[in-house]
Amino acid sequence: MRLSRYFLPILREVPKEAEIVSHRLMLRAGMIRQESAGIYAWLPFGLRVLNKVCNIIREEQNRSGAVEMLMPTIQSADLWRESGRYDDYGKEMLRIKDRHEREMLFGPTNEEMITEIVRAYVKSYKALPLNLYHIQWKFRDEVRPRFGVYRSREFLMKDAYSFDLDAAGARHSYNKMFVAYLRTFARMGLKAIPMVADTGPIGGNLSHEFIILASTGESEVFCHGDYLEMAPPSADVNFDDAAGLQSVFDRWTQLYAATSEKHDEAAFAAIPEARRMAARGIEVGHIFYFGTKYSEPFGAKVQGPDGAEHTIHMGSYGIGPSRLVAAMIEASHDDNGIIWPDAVAPFQVGILNLKAGDSTTGAACEKLYAELTAAGYDVLYDDTEERAGAKFATADLIGLPWQILVGPKGLADGKVELKRRVDGSRELIAPGDILERLKA
RNA sequence: CGGAGCAUAGCGCAGCCUGGUAGCGCAUCUGCUUUGGGAGCAGAGGGUCGCAGGUUCAAAUCCUGCUGCUCCGACCA
């Protein structure tokens with residue numbers, strides 16, 4: 001992409017409403033624009049990140065055996081009356097009426113709908129286990145939306161729903177998601193710690209929140225410091241191995257980790273003092289096992305091998321990709337701007353023409369741009385008329401992981417400069433060697 | 001839902017108290033000079049002063065109502 005042809009509305013000054021760094025940087029880097037309180041448009045640059053996040057989530061959901069689908073944003077009130085949550089959910093649910101005065105709602109979550117769908121088609125235990133997920137916009141009419149897309153009213157959510165014949169099967173499904181989540185967050189460069197959590201309005205008796213530590217986090221968390229050194233499960237983990245997954249689960253839950261509402265001061269005090277961590281955290285994922293809470297009222301049953309009807313055991317598993325984007329920035333930035341992990345960087349490489357209008361630097365940039373693009377890289381080529389300083393500032397603000405600085409000084413020696421955003425390191429390199437270097 | 005604020009150019013703000021031609025910085029456009037860490041000079045464009053009503057010869061400014069937005073707290077993914 002040529003920057004001159006792109007839509008990247010950079011702000012030099014900080015909008016006054018932005019209080020936390022991720023919100024400030026997302027506005028400054030031209031990623032989002034607020035349209036109403038807690039409702040945001042995702043501009044092209046922000047959408048690129050959001051899509052990369054969604055794709056990682058998708059890959060790991062699929063790897064675990066979950067199957068993607070897509071449910072609508074608008075739901076019928078009748079559906080929610082079946083579970084009894086139409087009245088319970090309160091004012092957080094946006095209720096609307098259609099032209100026929102039918103009561104509808106903008107879905108805050110999809111347990112009811114997915115249960116209705118599975119009930120309609122799944123009649124035999126042989127179709128289980130089943131895990132269906134979708135990535136769809138949700139609306140929760142928060143009392144006080146804040147911090148940009150971190151706590152917005154409209155937000156993107158990956159929600160998965162598992163269906164099993166019995167509690168043991170459901171436990172296996174729960175562990176699959178547990179492992180998938182560990183991998184998902186690790187791939188985004190985040191150290192997410194699973195913590196025992198309240199189940200809230202979703203219900204159930206087994207639940208973990210995945211929390212990343214950040215000073216701007218909304219919840220107070222307590223955990224063992226060893227969590228920060230634990231390596232995530234590898235890509236070849238066998239999701240069909242129930243015992244193997246259980247051991248991963250056990251290993252990741254044996255150390256103390258809890259949010260403030262589940263905090264046990266005595267258990268925390270038992271941790272060696274040097275390893276005791278009391279910090280603030282951002283919830284980026286939440287998983288629940290809630291048994292038959294929805295399948296029972298919906299009459300979602302299958303016939304088991306014994307010929308009898310069994311009420312399906314369910315769990316639900318949520319990740320907020322839009323919040324994750326903010327969380328990643330909270331976790332990875334410096335005074336100059338965002339530092340994207342390579343896996344989610346909206347562009348992997350930036351090419352900066354340091355002397356706009358110079359035919360030599362221009363030609364060198366064009367050549368590099370063509371080569372890298374042909375090699376499959378997402379490249380942002382700053383071909384604008386800005387001066388070098390402004391281009392450096394922009395590239396750092398928007399966090400391009402690799403920046404190729406092409407200027408007359410280097411080209412005189414047949415070299416360009418390759419800069420790494422994360423540590424500012426730079427090396428002189430011949431343009432022809434760039435591709436090899438990036439692969440390394 | 002309690003408390004506190006804000007609303008004037010794309011962004012950040014001044015002007016309001018004490019009513020009388022709508023201003024500054026950045027951004028944008030044009031030209032020239034510049035060109036390796038957010039350049040300089042000169043010129044230009046851009047405004048229903050959130051909305052409605054009231055007071056007044058005259059309202060961004062005073063009064064009333066409304067709307068939108070932000071922050072703190074409680075709540076919540």
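Keep in mind that the numbers below use all heavy atoms, side chains included, and drop hydrogens, waters and symmetry copies.
- If you take atom P in B:G23 and the same atom in B:G46, they sit 13 Å apart, rounded to whole Å.
- Of the P atoms belonging to B:U61 and B:U8, the separation is 13 Å, rounded to the nearest Å.
- Counting any heavy atom pair closer than 4.0 Å across all strands shown, A:T259 reaches no nucleic acid atom.
- Under the side chain to side chain contact (heavy atoms under 4.5 Å, CB included) criterion, A:A300 pairs with A:T115, A:R119, A:S295, A:I312, not counting sequence neighbours.
- A donor-acceptor contact under 3.5 angstrom links the side chains of A:H313 and A:Y289, judged on distance only.
- Nucleic acid contact for A:E283: sugar-phosphate only, since backbone atoms but no base atoms lie under 4.0 Å from a heavy atom of the residue.
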Using nucleotides 5-7 of chain B, report all nitrogen or oxygen pairs with the protein that are shorter than 3.5 Å.
from, atom 1, to, atom 2, distance (Å)
B:C6, O2', A:K16, NZ, 3.2

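- Within the cation-pi definition used here (under 6.0 Å to the ring centroid, within 45° of the axis), A:R420 qualifies as a partner of A:W402.
- Between the P atom of B:C72 and the CZ atom of A:R151 lies a distance of 13 Å, rounded to the nearest Å.
- When rounded to the nearest whole Å, the span between OH of A:Y150 and P of B:C71 equals 13 Å.
- A:Y150 is linked by a side-chain hydrogen bond (donor to acceptor under 3.5 Å, both in side chains) to nothing, counting only residues two or more places apart in sequence or in another chain.
- Atom CG of A:D88 is separated from atom P of B:C76 by 15 Å (rounded to the nearest Å).
- For B:A58, there is no paired nucleotide, since no Watson-Crick or G-U wobble pair has both relevant distances below 3.5 Å.
- Residue A:F178 forms a ring-ring contact (aromatic ring centres under 6.0 Å, His included) with just one option from A:F288, A:F210, A:F239, and that option is A:F210.
- Of the candidates B:A74, B:C76, B:C1, the closest approach to any side-chain atom of A:E142 belongs to B:C76.
- Distance, A:R24 CZ to B:C71 P: 12 Å, rounded to whole Å.
- Across B:A27 and B:C41, the matching P atoms stand 12 Å from one another, rounded to whole Å.
- Searching all strands for a Watson-Crick or G-U wobble partner of B:A22 with both distances below 3.5 Å returns nothing.
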Self-check item: Residue pair A:K367, A:E371: steps toward the salt bridge (Lys or Arg N to Asp or Glu O under 4.0 Å) verdict
Solution: CA-CA 6 Å; A:K367 188 157 183 287; A:E371 285 172 0; 3.1 Å; yes
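- In this structure, CZ of A:R146 is placed 14 Å from C1' of B:G3, rounded to the nearest angstrom.
- Remark: A:R171 qualifies as a cation-pi partner of A:F249 under the 6.0 Å distance and 45° angle criteria applied to the six-membered ring.
- In a base pair of the Watson-Crick type (N1 to N3 plus N6-O4 or O6-N4) or a G-U wobble (N1-O2 and O6-N3), with each distance short of 3.5 Å, B:C76 is matched with no nucleotide.
- Pairs of residues two or more places apart, or lying in two chains, never qualify as salt bridge (Lys or Arg N to Asp or Glu O under 4.0 Å) while including a residue from residues 207-216 of chain A.
- When the C1' atom of B:A77 is taken as reference, atom CE of A:M93 falls 16 Å away, rounded to whole Å.
- Nucleotide B:C76 holds its P atom 11 Å from the CD atom of A:E209, rounded to whole Å.
- Closest approach of A:N353 to A:K391, counting heavy atoms only: O-NZ, 2.6 Å.
- For B:C1, one of the phosphate oxygens OP1 or OP2 lies less than 4.0 angstrom from a side-chain nitrogen or oxygen of A:K91.
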Under a 4.0 Å heavy-atom criterion, the protein footprint on nucleotides 29-51 of chain B, written with B, S and -, is -----BSBBBB------------
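- In this structure, B:U28 and B:A44 make a Watson-Crick or G-U wobble pair, each of the two defining distances being under 3.5 angstrom.
- Residue contacts shown for A:V284 are absent, as no nucleic acid heavy atom lies under 4.0 Å away.
- Figure legend. B:G50 is base-paired to B:C66; pairs are counted as Watson-Crick or G-U wobble with both atom distances under 3.5 Å.
- A cation-pi contact links A:R95 to A:Y86, judged by a cut-off of 6.0 Å to the six-membered ring centre and 45° from its axis.
- Using modelled atom types, one finds a donor on one side chain and an acceptor on the other under 3.5 Å when comparing A:H286 with A:E283.
- As rounded to the nearest Å, B:G45 and B:C26 have C1' atoms that lie 16 Å from one another.
- Across all strands shown, B:G37 forms no Watson-Crick or G-U wobble pair with both key distances under 3.5 Å.
- Using a 4.5 Å heavy-atom cutoff, the side chains of A:V406 and A:L352 are not in contact.
- Atom P of B:G50 sits at a distance of 15 Å from the matching atom of B:G15, rounded to the whole Å.
- With hydrogens and angles ignored, the 3.5 Å screen pairs a side-chain donor or acceptor of A:K52 with a backbone N or O of A:A345.
- Between B:G47 and B:C11, the two P atoms lie 14 Å apart (nearest whole Å).
- Atom pair A:I212:CD1 and B:A77:C1' shows a separation of 14 Å (rounding to whole Å applied).
- Residues A:Y256 and A:H263 form a side-chain contact, since some pair of their non-hydrogen atoms from C-beta on lies under 4.5 Å apart.
- Residues of residues 35-64 of chain A that place a heavy atom closer than 4.0 Å to RNA chain B, in numerical order, are A:S36, A:A37.
- One P atom belongs to B:G25, the other to B:G43, and the distance between them is 12 Å to the nearest Å.
- Here A:Q34 reaches the OP1 or OP2 of B:U70: one of its side-chain N or O atoms lies under 4.0 Å away.
- Each of A:G320 and A:R144 has a nearest nucleotide on RNA chain B; the 5'-most of these lies closest to A:R144.
- Nucleotides B:A52 and B:A60 place their P atoms 13 Å apart, quoted to the nearest Å.
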